[in-house]
Amino acid sequence: MIRAMHALTAEPWAIRPDYLHVMAGIAGMDREARAANAETEGETWRKRDLAAIVGAFAGPTVRRMDGARYAMMTDAGVAILPVFGPIFPRANMMTEYSGGTSVAMLQNDYRLAQEAKDIHAIMLLMDTPGGAVSGINAFADVVYRGRSSKFTLAHVSGAAASAGYWIAASANEIATDKTGILGSIGVVAAIPKQVQPDGSGEVVIEVVSSNAPNKRPDPTTDEGLTEIRTMLDALEAQFISDVARARGTTPTNVKQQFGAGGVCIGPEAVARGMADKVQSYDASYSQLAKMASNRKRAAALK
């Protein structure tokens, strides 16, 4: 478990704080337990859930987009990109075992949807506690640019927290279920510091070179804590700036009205300007299907 936590705390996270410990538990499982978890929480159930959700309203012809890892497409011309579970920079063991999402693959799916001539609208289907900071700003920029060419709606079916909200905010609109969880804007780092021997009786002592005292800041000292928080504040500032830009507001308003690191539930999120409307998934899909149909007809007339 200690090594698992070291692996997970090697970089800053934009995630609900309780979820790091969930992932550490998964990382600490033996191989057989991980395989069982992958079956119950991971890719198999992701495919079943997505097929059930999308197929219920899009019809039996829904299918995986050619070349895509996650994205589904419908005959109506709507691409649906699920953003489920914790978000990682790239596909890895934890992505599969936790039922998470690779932002690199998600970005590729979004690019494919943008390039596909038979896709006229895009839905980001959100149910995520957030994830690693790495790659999130870049993907948020891709969505923000892409929304001008193909309307992109983020629908929050469960949660769009932290890195998930960073992504969702970059869409043209955010729709949320009545019980959708939005926000958790901020960045966290869990810095390990060994104070007792581990199970083998060993204590790891790190020695840093003379001219790099900030390479391993000590979180138990004022100087070390300041160094760590300076880095986290810089990442948070980018997070807030991206949200403000995409939502058409100011960083000050985001700080004051968007939960201050906490989360807001559907109707309150709309009232605060964090989302645009409360509606069901089928209403969001119907909105995009109608829009795609209109754009398809307009393209045919050119």
Side-chain angles (χ1 to χ4, degrees), residues 12-17 19 80-84 87 103 106 110 121-131 133 136-188 232-288 290-291:
W13 291 78
I15 194 169
R16 289 173 57 185
Y19 219 87
I80 301 173
L81 280 63
V83 188
F84 291 172
I87 303 170
V103 74
L106 189 63
Y110 190 79
I122 301 171
M123 177 190 289
L124 300 172
L125 184 57
M126 311 294 303
D127 189 5
T128 173
V133 168
I136 300 300
N137 164 253
F139 182 52
D141 282 347
V142 167
V143 174
Y144 183 73
R145 291 193 301 268
R147 73 184 197 176
S148 63
S149 56
K150 289 189 179 179
F151 189 90
T152 302
L153 172 76
H155 181 86
V156 183
S157 65
S162 218
Y165 185 74
W166 199 335
I167 293 169
S170 296
N172 293 87
E173 287 185 355
I174 300 177
T176 173
D177 285 352
K178 293 178 181 178
T179 55
I181 300 170
L182 296 86
S184 191
I185 297 173
V187 183
V188 62
L232 296 178
D233 286 350
L235 292 170
E236 181 191 69
Q238 185 62 57
F239 188 167
I240 290 172
S241 176
D242 285 355
V243 169
R245 174 191 65 175
R247 296 298 299 165
T249 185
T250 64
T252 298
N253 188 59
V254 171
K255 293 175 187 177
Q256 294 176 348
Q257 296 297 323
F258 282 36
V263 296
C264 296
I265 307 303
E268 182 185 0
V270 172
R272 288 174 175 262
M274 298 170 66
D276 298 290
K277 61 183 73 174
V278 175
Q279 66 183 20
S280 63
Y281 164 80
D282 57 324
S284 288
Y285 176 76
S286 296
Q287 171 188 338
L288 292 183
K290 183 177 180 180
M291 182 180 297

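- For the pair I167/I87, a side-chain contact is recorded, criterion being any heavy-atom separation below 4.5 Å from C-beta on.
- Of all heavy-atom pairs spanning A169 and A246, the tightest one is O-CB, 2.9 Å.
- Using modelled atom types, one side-chain atom of S286 and one backbone atom of D282 make a donor-acceptor pair closer than 3.5 Å.
- E173 CD to R147 CZ: the interatomic distance, rounded to the nearest 0.5 Å, is 10.0 Å.
- Side-chain contact between V187 and Q238: absent, with no pair of heavy atoms (C-beta onward) separated by less than 4.5 Å.
- Between the side chain of D127 and the backbone N or O of F84, no donor-acceptor pair lies under 3.5 Å.
- For the atom pair I15 CD1 and S184 OG, the distance stands at 9.0 Å (nearest 0.5 Å).
- The list of ring pair (Phe, Tyr, Trp, His ring centres under 6.0 Å) pairs with a residue in residues 232-280, not counting sequence neighbours, reads W166-F239.
- For the atom pair I80 CD1 and L288 CG, the distance stands at 8.0 Å (nearest 0.5 Å).
- The two atoms that bring L235 and V133 nearest to each other are CD2-CG1, 4.1 Å, heavy atoms only.
- Taken to the nearest 0.5 Å, the OG atom of S280 stands 7.0 Å off from the NE2 atom of H155.
- Between the side chain of S157 and the backbone N or O of M126 there is at least one donor-acceptor pair closer than 3.5 Å.
- A donor-acceptor pair is defined here as one N or O able to donate and one able to accept, closer than 3.5 Å; no such pair exists between the side chain of T179 and the backbone of D177.
- The two residues T128 and G164 have their closest heavy-atom pair at CG2-CA, 3.7 Å.
- Between the side chain of S162 and the main chain of A14, a donor-acceptor pair closer than 3.5 Å is present.
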Got a list of side-chain donor-acceptor pairs under 3.5 Å for residues 263-274, not counting sequence neighbours?
{"from": "E268", "atom 1": "OE2", "to": "R272", "atom 2": "NE", "distance (Å)": "2.8"}
{"from": "E268", "atom 1": "OE2", "to": "R272", "atom 2": "NH2", "distance (Å)": "3.2"}
{"from": "R272", "atom 1": "NH1", "to": "Q257", "atom 2": "O", "distance (Å)": "2.9"}

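- Nearest heavy-atom pair across S284 and Q279 is OG-NE2, 2.8 Å.
- Interatomic distance, L153 CG to I174 CD1, rounded to the nearest 0.5 Å: 9.0 Å.
- Checked against R247 for a side-chain hydrogen bond (donor to acceptor under 3.5 Å, both in side chains), the options N253, D242, D276 give a single hit: D276.
- Of all heavy-atom pairs spanning K255 and I240, the tightest one is CG-CD1, 3.8 Å.
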Please evaluate residues Q287 and K277 with respect to the criterion side-chain contact (heavy atoms from CB on, under 4.5 Å), reporting the C-alpha separation (whole Å), side-chain torsions for both, the decisive distance (0.1 Å), and the verdict. CA-CA 12 Å; Q287 171 188 338; K277 61 183 73 174; 3.3 Å; yes
